[in-house]
Amino acid sequence: MTGLRVLGVSVGPGGLRPKDCGGRGTGLDDNSDRRCEMGRGVARRRGVARGRRRNRGFGAVGVAVALVWACAAAGYARPSEATPGGFERAAEQAAAEFGVPKEVLLGVSYESSWWEGNHGRPSTKGGYGPMHLTDTTSGRTYVHRPGEGPVDATGTDDPSEHTLQAAAAMIGVAPQTLKRDELQNLRGGAALLASYQRQITREISPDAGRWYGAVARYSQAADAATAGRFADGVFTVIRTGKQRVREDGRTVSLPKSPVVRPDRSQLASLRLRTAAAAAVPECPRELNCRFVPAALSNYQASARNSNGMGVDFIVIHDLEGSYDGGISWFQDPVSGVSAHYVMKADGSEATQMVATKDVAFHAGNYWVNLHGIGIELEGYAAQGPSWFTPAQYKATAALVVYLARRFDVPLDRKHIIGHDNVLPPRPARAPDAHWDPGPYWDWEKFMALLDADHRQEYEAAGRRAGGNVGIGQAVMIAPTFGKNKQTVTVCDPNCRTQTGPSNLLYVRTAPRDDAPLVSDPALHPDGSPGTDRIDDWGSTVVWGQEFVVADVRGDWTAIWFGGQKGWIHNPAGVHTRLAPNAPIVRPASGAKSASVYTTAYPRADEYPEGVTASEQTRFTTYTFPQGQAYVAARTPVGADDFSPATPTRPEIVVTGDQQYEVIQYNRRLATVNTAETRR
């Protein structure tokens, strides 16, 4: 699920929710049951209810000045289009206009967006531009990530969801302009900060430390801990200084100001709610880790491991927004979602929000949630290289190693997975399935941090194999990240291409560069070819995934992929390694095919009376015919399900007598019944 709000996810009804609802804004599906909205990877946007009052806090004088300024700035290039230093100059002009210390404005922008405009795309809380001005107007739809589909508004009038409209009114500029024009976005953010400052101190002070309360208010957090954490982050940036190269190649600098002394006493004047004593976080010692509980309605209390329901997956996500925004969103009961951990981009902090024994709603597939631990990374998938820092890789790896040892999770890519490796529970949800952490998360680097011996094993096997990959062998997809330059198209809604180091390879219908990309029937029901859009995951494979070789022709290797033969460019085996001892699964002897699922629930007759059975729905658009083969996890999993405790009975774990193989079917994992398959 993506300061910047961020992770998006579904909003369900109060109390126990139905599960496994798929796409954004689609509502409950035909098989809706008791948990239909748990862990959908996207949230319905909160909109403006009738009778919304405009923010008049800045006053008529500010609006008049803004109108004059807007006319003067009509020919001003956007900071990203200006000469070097344009962003800083725009921030300086906006700060001077509204009396905000420049270091405060730049500090807030850095903590909210790392000085990025995100090409006019919203964060998952509907925040726009370098000042993350929010707009979740009722009746509108917003894109969670490029191509992931619309999200419904939920119709609230929470002012924290509509700071863009308030800022636009203050500076006399149309709200739509603030979404894509970084200069006006900076002005709007400065106007908001100035209005908050006047409300708190009744003065526009040149002393940056006197703006602590206004900065905390700018976070839009409802509790003092989150607001204070955001303000502390901003003032740490101010005191220590920052320099960063933006995605457009422009360098932005904020000189350090160690003499600034933030007035933290102002936080009390905001009268925000205070939280109860926090639990002790479950983190490795080397992490700066705290526990901030998610809203009670955003996860499911359980007793995993001790109740017989184990942890099998660790799922890596990105927030599509900021660290503090993600924490705030998971604390909001309206969001309906959560993750176990949130990781700051610079590696300096981690926040646990759900105990590992409990079920967080993060993966968009309830059965995966039952057996998964979700980790959210601050950042944007399409801007991965800008956000996924070495420190974040190291901190996240330390956490994953700690969790894997504790829960005996294998350190391989069928158990350490991305959100983009989780199939939705039903075919209708496939077009809405998330693709984070995206093509720019360096799985090669990350897995090496987890288990150096495991990585060396693959490399040694690859050297022994050379280019002599044989039909029927299992291979691991292993392009070298820094050398594997791939082009993707990002649409938001205007489309652009970007080329850079990537973890993916394209899968084609024939062994040649101009052959169409394979068509995923769940994404392209009309049979049209796959595309290079960043969200079109159906024709790509990613580092660490394992497949069975179906054919070899020159520089091309064919693999069994999503029910068909797909070709990857693999001269001399440079992009693959042999997968030692990988279990290979085929349809049972004499069977024409095996059914493809994405969950592993018991049969309906195995549920006790009073517990609603979850439907083990076939992924009918996918096939696994005789003659094909796929790589499975080391051991099958047992069918199981969970029913939380009620006032009249304890929690119930339902187990069945069937076993399922977890296979690498396409970009995503699937399950097949062992009764229909053979190793």
- Task: Just jot down the salt bridge (charged side-chain N to carboxylate O under 4.0 Å, His left out) partners of Asp526, sequence neighbours excluded, or say none.
- Result: none

- Query: Aromatic rings His419 and His317: how do their planes relate, parallel, tilted or perpendicular, breaks at 30° and 60°?
  - Reply: perpendicular

- Rounded to the nearest 0.5 Å, how far does NE2 of His434 lie from NE2 of His362? 12.5 Å

- Item | From CA spacing to verdict: side chain to side chain donor-acceptor pair (under 3.5 Å), Asn365, Arg429 | CA-CA 10 Å; Asn365 179 316; Arg429 307 306 182 193; over 6 Å; no

- side chain to side chain contact (heavy atoms under 4.5 Å, CB included) between Val311 and Leu403, intermediate numbers included: CA-CA 9 Å; Val311 172; Leu403 295 170; over 6 Å; no

- Heavy atoms, side chains only, cut-off 4.5 Å: are Trp537 and Leu504 in contact? no

- Query: Out of Thr351, Val354, Val342, which one pairs with Phe330 under the side chain to side chain contact (heavy atoms under 4.5 Å, CB included) rule?
  - Reply: Val342

- Residues in ring pair (Phe, Tyr, Trp, His ring centres under 6.0 Å) contact with Tyr622, at least two apart in sequence or another chain: Phe619, Tyr665

- Message: With heavy-atom distances below 4.5 Å as the criterion, would you say the side chains of Ser539 and Asp520 are in contact?
- Response: no

- Query: Do the rings of Phe313 and His415 sit parallel, tilted or perpendicular, given the 30° and 60° boundaries?
  - Reply: parallel

- Query: Counting distance only, does the side-chain N/O of Ser643 pair as donor-acceptor with the main-chain N or O of Ile652 below 3.5 Å?
  - Reply: no

- Item | Non-hydrogen side-chain atoms of Leu669 and Gln664 separated by less than 4.5 Å | yes

- Task: Kindly write out the residues that satisfy side-chain hydrogen bond (donor to acceptor under 3.5 Å, both in side chains) with Thr531, not counting sequence neighbours, or none if the list is empty.
- Result: Asp536

- Message: I want to check something: taking the side chain as every heavy atom from C-beta on, are Met476 and Trp543 in contact at a cut-off of under 4.5 Å?
- Response: yes

- If you round to the nearest 0.5 Å, how far is CZ of Arg668 from CD1 of Ile417? 10.0 Å

- Message: Please check this pair: side chain of Gln564 against backbone of Ser519, looking for a donor-acceptor N/O pair closer than 3.5 Å.
- Response: yes

- Query: Residues in side-chain contact (heavy atoms from CB on, under 4.5 Å) with Thr646, at least two apart?
  - Reply: Thr648, Arg649

- Message: Checking the side chain of Asn369 only, and the main-chain atoms of Val359 only, is there a donor and an acceptor separated by less than 3.5 Å?
- Response: no

- Item | Presence of salt bridge, Arg679 and Glu661, under 4.0 angstrom | yes

- Are Trp367 and Asp641 linked by a side-chain donor-acceptor pair shorter than 3.5 Å? no

- Cationic N near anionic O, under 4.0 Å, Asp412 to Arg634: yes

- Query: Could you give the distance from SG (Cys491) to CZ (Arg121), rounded to the nearest 0.5 Å?
  - Reply: 10.0 Å

- Item | Asn305 atom CG, neighbour heavy-atom count above 12 within 6.0 Å | yes

- Nearest heavy atoms of Ser338 and Tyr299, plus distance in Å: OG-CB, 3.7 Å

- Which pair of heavy atoms, one from Asn307 and one from Met309, lies closest together, and at what distance? OD1-N, 2.9 Å

- Query: What distance do Leu377 atom CG and Glu320 atom CD have between them, rounded to the nearest 0.5 Å?
  - Reply: 11.0 Å

- Would you check if Phe624 and Glu676 make a side-chain contact, meaning some heavy-atom pair closer than 4.5 Å? no

- Message: Regarding Thr226 and Gln331, do their side chains bring together a donor and an acceptor under 3.5 Å, going by distance alone?
- Response: yes

- Item | Between Thr396 and Tyr341, a side-chain donor and acceptor under 3.5 Å | no

- Message: For Thr598 versus Pro424, what's the shortest heavy-atom pair and its separation?
- Response: OG1-O, 3.1 Å

- Message: Closer than 3.5 angstrom, by distance alone: can the side chain of Asn298 be matched with the main-chain N or O of Asp332 as a donor-acceptor pair?
- Response: yes

- Note on the structure: Here the pair of heavy atoms bringing Ala675 nearest to Ala588 is O-CB, 4.5 Å

- Task: Take Gln616 and Thr599 through the side chain to side chain donor-acceptor pair (under 3.5 Å) test and state the conclusion after the steps.
- Result: CA-CA 7 Å; Gln616 180 70 351; Thr599 56; 2.6 Å; yes

- Taking C-beta and beyond as the side chain, do Arg290 and Arg229 meet within less than 4.5 Å on heavy atoms? yes

- Query: Rounded to the nearest 0.5 Å, what separation is found between the CG atom of Leu287 and the CD atom of Gln352?
  - Reply: 11.0 Å

- Message: Ignoring hydrogens, what is the shortest heavy-atom contact between Ala600 and Tyr660? Give both atom names and the distance.
- Response: CB-CD1, 3.7 Å

- Gly379 and Asp318: which non-hydrogen atoms are nearest, and at how many Å? O-OD1, 3.0 Å

- Item | Sequence-distant partners of Arg304, salt bridge (charged side-chain N to carboxylate O under 4.0 Å, His left out), two or more places apart | none

- List in chain and number order the residues that pass side-chain hydrogen bond (donor to acceptor under 3.5 Å, both in side chains) with Glu606, two or more places apart in sequence or in another chain; answer none if no residue qualifies. Arg603

- Message: Could you check whether any side-chain heavy atom of Glu651 comes within less than 4.5 Å of a side-chain heavy atom of Phe642, counting everything from C-beta outward?
- Response: yes

